[in-house]
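For this chain, numbers begin at 1 and follow the sequence in order. Start at 1 and go down the list; that is how both ligands and their atoms are numbered.
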Amino acid sequence: MSLIVRPIVGRRAKISALGIYVPPDVITNKDLEKIVDTNDEWIMTRTGIRERHVLAKGLGVSDICVHAAKKCLQARGIDADKIGDFGVECIIVGTVTPDMMFPSTACLVQDKIGAKGAWGFDVSAGCSGFVFALQAGVKLVESGAQKKVLVIGADANTRMTDYTDRTTCVLFGDGGGAVLLEPAEEGEIGFIDYVNEIDGSGGVALNLKGGGSLNPSSHETVDKKMHYIFQDGPAVYKFAVRKMAEATSKVLERNGVTGADLGCFIPHQANKRIITATADRLGMDPERVIINIEKYGNTSAGTIPLAMETAIEQGKLKKGDLVLLAAVGAGFTVGAALLRWEI
Ligand SMILES: CC(C)(COP(=O)(O)OP(=O)(O)OC[C@H]1O[C@@H](n2cnc3c(N)ncnc32)[C@H](O)[C@@H]1OP(=O)(O)O)[C@@H](O)C(=O)NCCC(=O)NCCS
């Protein structure tokens with residue numbers, strides 16, 4: 001390996017803590033068999049999913065974010081209500097299932113965790129929401145503007161899922177996670193490089209049309225099921241397989257590394273077959289590819305932090321490891337990031 005660590009303007013950023021949360025209620029494939037024409041064997045073979053977590057009625061995605069944020073800050077020994085350098089300065093939330101159109105989920109989280117004096121915003125990038133939010137946070141730290149940025153990726157997809165549509169309802173679950181970004185210490189590397197891309201021509205294949213300014217909520221939008229996720233599964237699948245491989249290869253090649261040099265690959269969990277196709281292209285040892293889709297389904301912006309926790313639990317993510325993250329999502333959006341794990 002000849003890792004090229006290119007110089008950056010300012011200082012390097014690293015992940016200094018992680019916290020995740022999934023709601024306790026679970027829907028299994030067997031449960032779905034009772035409500036739509038599907039079966040455990042089809043879902044496992046085509047997607048790798050066995051069960052997914054579901055947020056209880058009366059809660060919103062901000063509640064998932066708050067649980068994850070508190071665990072993350074606790075892991076670093078930080079009180080959210082401390083101001084400035086000792087507390088959280090900025091909160092960035094990747095989500096496409098906010099509690100409401102506005103205020104932003106970042107504002108709701110800021111209030112609920114008591115992060116006085118912080119600023120923040122939401123990032124709408126579908127399943128790439130966490131990797132896009134992460135890069136925004138990394139740049140804030142690298143520039144020297146901020147020393148503590150809380151980046152959260154979370155979604156409550158089951159709220160937008162049509163449980164009469166077997167082609168989508170088997171896929172999605174609720175959950176998410178938070179990481180704290182801080183300046184790297186002397187000798188640490190943290191974030192190395194990223195490749196992010198958007199392709200709006202793919203918006204027709206994966207969207208939620210109702211409730212926005214074009215089609216405000218009405219009896220008609222509800223009758224037409226425009227408040228549910230619409231997906232052309234095969235079109236999304238083809239794009240995801242091609243672009244996950246393209247973005248990950250690009251970020252590895254231009255930094256002088258190959259899949260064999262990685263401690264682990266932490267991909268977005270949309271479909272097990274998309275993950276293994278990408279990992280094969282990278283020549284990765286399957287043992288070092290993190291897959292937890294069986295337990296959680298697709299939690300959109302939540303999948304990567306949830307998979308980071310799985311990687312740690314499985315002993316596959318340790319300080320100093322070179323790590324590749326990658327996601328593809330509604331938009332279309334594509335994101336890949338290369339970093340050294342510094343926790
Ligand atoms: C959705 C997805 C799992 C479908 O798998 P697929 O292998 O492409 O399956 P197809 O859509 O071609 O459907 C094959 C057959 O299975 C059927 N089918 C679809 N869903 C089913 C289900 N839950 N149970 C049983 N049969 C099902 C279809 O009706 C079709 O039947 P037909 O051949 O009689 O018409 C797959 O396309 C996918 O994962 N797409 C990407 C999803 C994604 O990543 N979304 C989030 C964005 S990050």
I want to confirm something. Looking only at heavy atoms, which of [options] is nearest to [atom]?
atom	options	result
atom 23 (N) of ligand 1	Gln231, Arg166, Arg273	Arg166
atom 25 (C) of ligand 1	Trp42, Phe332, Phe172	Trp42
atom 39 (O) of ligand 1	Ile274, Ile229, Asn271, Val328	Asn271
atom 11 (O) of ligand 1	Gly331, Ala205, Gly233, Pro234	Pro234

Q. How long is the gap from CG on Asp174 to CE on Met160, to the nearest 0.5 Å?
A.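 Taking CG in Asp174 and CE in Met160, the distance rounds to 9.5 Å.
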
Q. Could you give the distance from OG1 (Thr299) to CG (Asp155), rounded to the nearest 0.5 Å?
A.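 If we round to the nearest 0.5 Å, Thr299:OG1 and Asp155:CG are 7.5 Å apart.
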
Does the protein place a non-hydrogen atom closer than 4.0 angstrom to [atom]?
atom	answer
atom 41 (C) of ligand 1	yes
atom 35 (O) of ligand 1	no
atom 14 (C) of ligand 1	yes
atom 32 (P) of ligand 1	no
atom 44 (O) of ligand 1	yes

Atom [atom1] of [X]: over 12 foreign heavy atoms under 6.0 Å:
X	atom1	answer
Glu220	CD	no
Lys57	NZ	no
Leu208	CG	yes

Q.
Quick check: closest heavy atoms across Gly137 and Val149, and the distance to 0.1 Å?
A.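 Taking Gly137 first and Val149 second, the nearest heavy atoms are CA-CG1, 4.0 Å.
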
(Q) Give me the atom names and distance for the closest heavy-atom approach of Thr221 to Pro216. (A)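 For Thr221 versus Pro216, the nearest heavy atoms are CG2-O, 3.4 Å.
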
Q | Mode of Thr167 contact toward ligand 1 - side chain, backbone, both, neither (heavy atoms, under 4.0 Å) | A |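 For Thr167, the contact with ligand 1 is made by both the backbone and the side chain.
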
Q) Backbone, side chain, both or neither: what part of Asn298 comes under 4.0 angstrom of ligand 1, heavy atoms only? A)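 Looking at Asn298 and ligand 1, just side chain atoms fall under 4.0 Å.
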
Q. Among the heavy atoms of Ile43, does any lie under 4.0 Å from an atom of ligand 1?
A.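 False for this residue.
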
Q.
Would Arg46 count as being in polar contact with ligand 1, using the rule that some N or O on each side must be under 3.5 angstrom apart?
A.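 Yes; the residue has a nitrogen or oxygen that sits under 3.5 Å from a nitrogen or oxygen of the ligand.
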
Q. Please state which protein non-hydrogen atom is closest to atom 22 (C) of ligand 1 and give its distance, to 0.1 Å?
A.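 Answer for atom 22 (C) of ligand 1: Thr38 OG1, 3.3 Å.
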
Q) What protein heavy atom is closest to atom 47 (C) of ligand 1, reported as residue, atom name and distance in Å? A)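 For atom 47 (C) of ligand 1, the nearest protein heavy atom is Leu206 CD2, 3.5 Å.
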
Q. Are Lys14 and Phe191 in a cation-pi setup, meaning NZ or CZ lies under 6.0 angstrom from the ring centre and within 45 degrees of the ring axis?
A.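 The answer is no; the distance or angle limit is not met.
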
Q) Is the closest basic N to carboxylate O distance between Asp63 and Lys112 below 4.0 Å? A)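 Salt bridge between Asp63 and Lys112, a charged N being under 4.0 Å from a carboxylate O: yes.
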
